[in-house]
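Everything on this sheet refers to the single structure shown next.
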There are 2 protein chains.
Amino acid sequence: MAYQEIFTALADPTRRHIFETLRSEPKTVSELAKLQPVSRPAVSQHLKVLQQANLVDVEARGTKRLYSINWAGLRELREYLDSFWNDALSAYQAEIERRMKTN
Amino acid sequence: MAYQEIFTALADPTRRHIFETLRSEPKTVSELAKLQPVSRPAVSQHLKVLQQANLVDVEARGTKRLYSINWAGLRELREYLDSFWNDALSAYQAEIERRMKTN
DNA sequence: GCTTACCGTAAGTCATGGCTTACCAAGAGA
DNA sequence: TCTCTTGGTAAGCCATGACTTACGGTAAGC
């Protein structure tokens, strides 16, 4: 059920770019905002959505907030995809077999 | 670049449900519409988005259209995710090593 | 202590997109 | 041929959400 939030979070281009930027190393809000074509509050709002989807983590560093990737969300998305893939594949194979028998 | 359309397509709950319904077997538009709380035209519109994202395929069967899963989109999403995962992981490991040396 | 940097939240605006009804085209079946 | 089924598209409505500016609160640094 939680992958709903994950897909929603990654659907917005700006938000996905922010997420992708964190791939190399943790960054503060200001650092992230400099790399994006939107204002700092907008980045904050995006980070909130990403955090609720378990895609990023925060760590307080004085007044700074260091955002980093949260593996939980990534893992969940991966498992959803693998599960879907396997289901579809076995259904497909069953269909093939069914056709083999009827021929 | 195309995974943008994939994430967008899967972000909408109704649209994702339609996609998931096709996992077990191909279905027509009317069949899909019966399983959803929205009108048939709405389903058609969702299917268009899914098709443009390479997530579903269509096959004409008289006036009927048989929609099925397109593996291209699924594969692309999987590769994006794997690539992201690997990038983040190696960055994380590099960070660990860096800390080991400085300590 | 006083100022500055950092960042989250509130309020308000505006575009996007998901939904509906209405319509039209094309094949099925009698 | 005539009717019914199937489904794609257009137009219009409306909610959602992405963005901005304004504000407040907290730690840093001089």
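Residue numbers begin at 1 in each chain, while the letters A, B, ... track the order of the sequences.
For A:D12 and A:P41, each mapped to the nucleotide of DNA chain D holding its nearest heavy atom, the one lying further toward the 5' end belongs to A:D12. Residue whose closest nucleotide on DNA chain C sits further toward the 5' end, between A:V29 and B:Q45: A:V29.
Between B:A72 and B:N70 the shortest heavy-atom distance is N-OD1, 2.9 Å. Heavy-atom minimum distance, A:Q51 versus A:V58: NE2-CG2, 3.2 Å.
Of the residues in residues 48-61 of chain B, none has a non-hydrogen atom less than 4.0 angstrom from any atom of DNA chain C.
The side chain of A:T28 places no N or O atom within less than 4.0 Å of a non-bridging phosphate oxygen (OP1 or OP2) of C:dC6. Close to D:dC19, at under 4.0 Å from its OP1 or OP2, lies a side-chain N or O of A:H46. Between B:S39 and the phosphate of C:dA22, there is no side-chain N or O to OP1/OP2 separation shorter than 4.0 Å. Contact between the side-chain N/O atoms of A:Y67 and the OP1/OP2 oxygens of C:dG8 is found at a separation under 4.0 Å. Applying the 4.0 Å criterion to OP1 and OP2 of C:dT9, one finds that A:S44 has every side-chain N and O outside that range. Between B:T63 and D:dG7 there is no side-chain polar atom (N or O) within less than 4.0 angstrom of OP1 or OP2. Considering only side-chain N and O atoms, B:R65 lies nowhere under 4.0 angstrom from the phosphate OP1 or OP2 of D:dT6.
Here A:R40 lies in heavy-atom contact (under 4.0 Å) with a base.
A salt bridge does not link B:E97 with B:K101: none of the charged nitrogens is closer than 4.0 Å to a carboxylate oxygen.
Across all strands shown, the partner of D:dT5 is C:dA26, judged by Watson-Crick or G-U wobble contacts whose two distances both fall under 3.5 Å.
Whole-Å rounding puts the A:L47 CG to C:dT9 P distance at 11 Å. The interatomic distance linking B:I18 (CD1) with C:dC19 (C1') rounds to 12 Å, in whole Å. Per the geometry, NE2 belonging to A:H17 stands 14 Å off P belonging to D:dA18, to the nearest Å. Rounded to whole Å, atom C1' of D:dG7 lies 12 Å from atom NZ of B:K64. To the nearest angstrom, C1' of C:dG27 lies 16 Å from CG of B:L66.
For residues 57-66 of chain A, the pairs satisfying side-chain hydrogen bond (donor to acceptor under 3.5 Å, both in side chains) are A:E59-A:R61, with sequence neighbours left out.
The distance between the ring centers of A:Y80 and A:F7 falls below 6.0 angstrom.
Ring orientation note: the planes of B:F84 and A:F19 are close to parallel, at an angle under 30° on the 30°/60° scale.
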Worksheet item: How far apart are the C-alpha atoms of B:E95 and B:R98, what are their side-chain angles, what is the distance that settles it, and do they pass the salt bridge (charged side-chain N to carboxylate O under 4.0 Å, His left out) test?
Response: CA-CA 5 Å; B:E95 172 65 14; B:R98 208 177 59 78; 3.4 Å; yes
